[in-house]
Amino acid sequence: MNSWMERKEALRRRFHGSFDVVFRDIQVDELQGTLIFLSSLTDANLLALISESFVISAANTLQLTLYPAAIETIYDEEAALTSMLSGQCLVLLEDHTPYYCVEVRNYPSRPNTEPNVERSVRGSHDGFVENIIFNVGLIRRRIRDPQLQMKIIKKGEMTRCDIVYAYVNGIVDPDVLSDFEHRLQTIDKEEILSERNLCELLYGKTWNPYPHVRYSERPDICAIHLLRGYVCVLVDNSPSAMILPTTFFEQTKQMEEYTQTTTVALITRIVRLLGIAVSLYLLPIWIVLSMNYNRTFLQIPLIDNLDPISFGVQILIVDLVVEWIRQSLIHTPTILSSIMSFIAVFALGDMAISIGAYSKEILIMVAISNIGNLLTPSYELSLANKWIRVMISIFALFGGVGGLSIGILIHFILLISTKTIKFPYLYPLIPFSYRECKKLLLGGPIHANKKTDHQKTKK
């Protein structure tokens with residue numbers, strides 16, 4: 001038995017029991033070989049063309065031709081098997097030592113649609129999917145320059161997950177890039193299944209609710225950040241990209257800002273920032289005003305004769321019910337979504353108020369606060385703000401004005417202490433940068449200069 005047969009039988013025993021691992025023997029003139037591929041991840045049409053190339057070679061007494069696919073020669077067996085398990089076709093030939101990996105991948109993928117979380121009236125309506133090759137193409141379509149670098153690396157002992165990080169040479173911040181590559185090299189045997197999983201491995205788990213990177217499912221958002229010196233990271237099987245570094249105000253930006261006139265975009269940004277502030281501080285401030293019977297010219301509805309415990313319980317019940325409805329709508333099938341709307345009406349309508357579960361004022365304030373959460377473009381940032389609001393509300397409930405001040409101070413310290421790769425989390429407000437604050441509010445053209453905006457600001 002020659003080495004070709006030995007290797008083939010060894011691989012057959014190794015994959016025994018896996019129905020989608022296909023072994024197909026070929027013979028071209030006097031040359032024998034075997035094709036090994038996964039029927040679940042390969043392109044059947046491309047395999048048929050490769051088989052035809054074998055027949056053409058044999059009929060014309062030519063050397064073996066693998067056409068039209070790209071071929072890579074690999075001598076390491078484990079690396080060759082990883083390529084095969086990624087969807088490539090492995091070719092073993094008699095009297096040939098290397099493994100020939102033929103590119104025939106065809107990953108299952110859903111249609112390319114606009115992301116549900118980051119919708120835009122104007123601008124493109126495409127979004128990332130779970131196919132990493134397709135996602136790379138969406139970015140390449142927008143930046144047609146050889147300086148755009150797409151580096152791929154496999155991580156995970158069993159998952160062998162494909163990770164692509166993209167940056168533009170001459171524009172990317174070298175400190176950010178070197179820090180990311182160093183952290184990526186430290187990942188050894190940990191398994192990677194999603195971009196969130198990768199983020200925890202890179203930057204560690206923390207009790208801080210605020211995200212250390214920005215997530216986006218929009219290729220146009222990634223392209224804008226690449227041209228401004230950021231690094232974008234794609235993980236196979238995940239429809240989201242990680243953009244780093246990030247800041248608090250960076251995550252309040254939305255695609256609509258790049259598609260409107262200057263005046264409309266400015267008003268939109270201000271209204272959004274006010275809404276985010278309302279989602280954080282309106283409910284705690286109203287609690288303090290209600291507890292102290294401090295009537296204001298704003299005519300904010302207040303409640304007399306309050307018991308702090310029952311008052312706080314009512315507020316928490318409303319906020320909890322709203323959170324339950326939010327989570328249930330995420331997981332409810334579309335066909336049952338209409339039923340959820342009826343349930344929401346009963347849970348938050350006049351019936352609940354009439355039986356004394358909570359008052360109209362509480363319902364109004366909690367509703368406005370949650371509207372501010374829904375207004376926040378970043379889903380992760382909105383969730384973090386929601387739980388910070390609950391924390392500040394508890395301080396305000398039991399401590400009054402002093403408790404409110406302590407809660408806001410803790411929130412401010414948390415934001416200040418939140419670490420990103422290079423820049424403070426509240427940049428450009430702290431440290432203050434007039435140029436970047438102006439750009440945050442007014443926007444500006446995208447210049448692909450040799451130095452990033454952050455590097456210029458430092459100077």
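Residues: numbered from 1 along the sequence shown.
- Remark: N370 engages D319, V322, V366, N373, K386, R389 in a side-chain contact (heavy atoms from CB on, under 4.5 Å) (not counting sequence neighbours).
- No side-chain N or O of Q88 forms a donor-acceptor pair with one of Y100 less than 3.5 Å apart.
- In this structure, R14 pairs ionically with E77, as a charged nitrogen and a carboxylate oxygen lie closer than 4.0 Å.
- Note on residues 176-185: pairs passing salt bridge (Lys or Arg N to Asp or Glu O under 4.0 Å), not counting sequence neighbours, are D179-R183.
- Within the 3.5 Å criterion, the main-chain N or O of Q251 finds no donor-acceptor partner in the side chain of Q254.
- In the displayed structure, R12 atom CZ is contacted under 6.0 Å by more than 12 heavy atoms of other residues, nucleotides or ligands.
- Partners of R196 according to the salt bridge (Lys or Arg N to Asp or Glu O under 4.0 Å) rule, which considers only residues two or more places apart in sequence or in another chain, are E200.
- Side-chain contact, Y210 with N385: a donor N or O sits under 3.5 Å from an acceptor N or O.
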Could you walk me through whether L282 and I368 satisfy the side chain to side chain contact (heavy atoms under 4.5 Å, CB included) test, starting with their C-alpha distance in whole Å, then the side-chain angles of each, then the deciding distance to 0.1 Å, before giving a yes or no?
CA-CA 8 Å; L282 175 64; I368 294 175; 3.5 Å; yes
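- Scanning for side-chain contact (heavy atoms from CB on, under 4.5 Å) contacts around I187 gives K155, L184, E190, I192, L198, L201, L202, with sequence neighbours left out.
- Every residue two or more places apart in sequence or in another chain that forms a side chain to side chain donor-acceptor pair (under 3.5 Å) with K154 is listed here: S86, D162.
- With ring centers used as reference points, Y165 lies under 6.0 Å from F180.
- A salt bridge (Lys or Arg N to Asp or Glu O under 4.0 Å) check over residues 366-384, counting only residues at least two apart or in different chains, returns nothing.
- Residues passing the salt bridge (Lys or Arg N to Asp or Glu O under 4.0 Å) test with D20: none are found, sequence neighbours excluded.
- Applying the salt bridge (Lys or Arg N to Asp or Glu O under 4.0 Å) test to R218 and every residue at least two apart in sequence or in another chain returns E114, D220.
- Using a 4.5 Å cut-off on side-chain heavy atoms (C-beta onward), I139 and L226 make contact.
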Which pairs would a plain distance check flag for residues 236-243, meaning a side-chain donor or acceptor within less than 3.5 Å of a matching protein atom at least two apart in sequence or in another chain?
{"unit_1": "D236", "atom_1": "OD1", "unit_2": "I132", "atom_2": "N", "d": "3.4"}
{"unit_1": "S238", "atom_1": "OG", "unit_2": "E195", "atom_2": "OE1", "d": "3.0"}

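- Scanning for side chain to side chain donor-acceptor pair (under 3.5 Å) contacts around S417 gives an empty result, with sequence neighbours left out.
- Listed by chain and residue number, nothing satisfies the salt bridge (Lys or Arg N to Asp or Glu O under 4.0 Å) test with R141 (two or more places apart in sequence, or in another chain).
- With sequence neighbours left out, the side chain to side chain donor-acceptor pair (under 3.5 Å) criterion links H225 to E250.
- Side chain to side chain, S124 and D126 meet the donor-acceptor criterion of an N or O pair below 3.5 Å.
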